[in-house]
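Proteins come first, then strands; the chains are lettered A, B, ... in the order of their sequence lines, and each starts at number 1. Both backbone and side-chain heavy atoms feed into the values below; hydrogens, waters and symmetry mates do not.
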Amino acid sequence: PSPQGVAEEATRKREMRLLKNREAARECRRKKKEYVKCLENRVAVLENQNKTLIEELKALKDLYCRKAD
Amino acid sequence: PSPQGVAEEATRKREMRLLKNREAARECRRKKKEYVKCLENRVAVLENQNKTLIEELKALKDLYCRKAD
Amino acid sequence: LAMAANPRKFSEKIALHNQKQAEETAAFDEVMKDLSLTRALHFKAQQLQLAQSRSNFYGGSLPNVNQIINAPLEFHAAFYS
Amino acid sequence: LAMAANPRKFSEKIALHNQKQAEETAAFDEVMKDLSLTRALHFKAQQLQLAQSRSNFYGGSLPNVNQIINAPLEFHAAFYS
DNA sequence: TTGGGCTGACGTCAGCCATT
DNA sequence: AATGGCTGACGTCAGCCCAA
């Protein structure tokens, strides 16, 4: 193998690695963004459930206290 | 103003902008990381609260049903 | 273990959170589902209390709609039922 | 409005989440705090039920300890009070 | 053990927007 | 209108970690 071909091969190898890592970085950022949105949505859902459960507990408590009379 | 001084001034201006944006990017990434950890911790807290509230609701419901007898 | 609690890949994190959310939502729905009976009794109590509370406005001006649309859902159900 | 619901700066997002979490935790603690009274009644009911249930074993063999240590905490409190 | 897939962190460019 | 502060998105380097 001539030294010229070896150098070109190494260059192509590097470019291929950079290209792959480029696309991988894009997909990784996309997944991370989706994960953050998933977290925010989960927080909102848990917030509503928490609020509903607290109100339900208050109502049930009042109902129980009135039954004690 | 000589053309030499103008070119140097433009170069310094650019380097200053790059330096400022460099530090700003570091702080921004730090804040984003802290925000994500804040979200994850908030999810965990809400998860425990919801679990406790659900168990409490179940217990109160059973207690109320037994009082009806 | 079968699954780590803190995976490295974002896909696994998303899948894990979706799974937990599904379980919690199921438990939440089941608890709130059996509460319809209690809700009925609570409705009756609130309806009586509201009727007694609003009896003072009978024969007066119309109720404020802008306040009603911002009120909790129980009040809407009490009106449209 | 005084504050946007979805700010751009991460600091404001963190502050907003901390504020909401503080409010929710306060409401949660207040609801769970007033439930100690209900818990006490629950304890009495369970205690009576347990006493009535175990009255059949009086004069018989000893209770199974291996079952007791795996039972909920309410049962332990009923024993060590 | 090691190559390759994902991710953390960096610097740079472009763009939004509150402040001036 | 114009400026500067933050952030979104990109490409690159370094490193971890698991399946070959």
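When the side-chain nitrogen and oxygen atoms of B/R22 are compared with OP1 and OP2 of E/dC10, none of them lie within a distance under 4.0 Å.
What separates NZ of C/K9 from P of E/dG8 is a distance of 11 Å, to the nearest Å. The separation between B/Y35 atom OH and F/dT7 atom P is 12 Å, rounded to whole Å. Separating the CD atom of A/E23 from the C1' atom of E/dG4 is a distance of 15 Å, rounded to the nearest angstrom. Rounded to an integer number of Å, the gap from NZ of A/K20 to P of F/dT12 is 15 Å. At whole-Å resolution of the value, CD in B/E27 and P in F/dG4 are 20 Å apart. Per the geometry, NZ belonging to A/K32 stands 5 Å off P belonging to E/dG8, to the nearest Å. For the pair B/K31 NZ and F/dG8 C1', the computed distance is 19 Å after rounding to whole Å. Rounded to whole Å, atom C1' of F/dC6 lies 14 Å from atom CD1 of D/I14.
Checked for salt-bridge contact, A/E8 and A/R12 meet the test: a charged N lies under 4.0 Å from a carboxylate O. Between A/E27 and A/K32 there is no salt bridge, since none of the side-chain N atoms of the basic residue sits less than 4.0 Å from a carboxylate O of the acidic one.
A cation-pi arrangement is present between C/K13 and A/Y35 under the rule of less than 6.0 angstrom and at most 45 degrees off the ring axis.
Within the 4.5 Å cutoff, no side-chain heavy atoms of A/R29 are placed close to those of A/K33. In this structure, B/L18 and B/E15 have side chains that are not in contact, with every pair of non-hydrogen atoms separated by 4.5 Å or more. By the 4.5 Å heavy-atom criterion applied to side chains, B/E56 and A/L53 are not counted as neighbours.
Taking 3.5 Å as the limit, the base of F/dG8 and the side chain of B/R29 contain no donor-acceptor pair of atoms between them.
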Using atom names, set out every protein N or O paired with an N or O of nucleotides 13-16 of chain E below 3.5 Å, distance rounded to 0.1 Å.
{"residue": "E/dC13", "atom": "OP1", "partner": "B/R14", "partner atom": "NH2", "Å": "3.0"}
{"residue": "E/dC13", "atom": "N4", "partner": "B/N21", "partner atom": "OD1", "Å": "3.2"}

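Contacts of B/R26 with the nucleic acid, taken as non-hydrogen atoms under 4.0 Å apart, involve only primed sugar atoms and P, OP1 or OP2.
The residue among C/K13 and B/L19 whose nearest nucleotide of DNA chain E lies closer to the 5′ end is C/K13.
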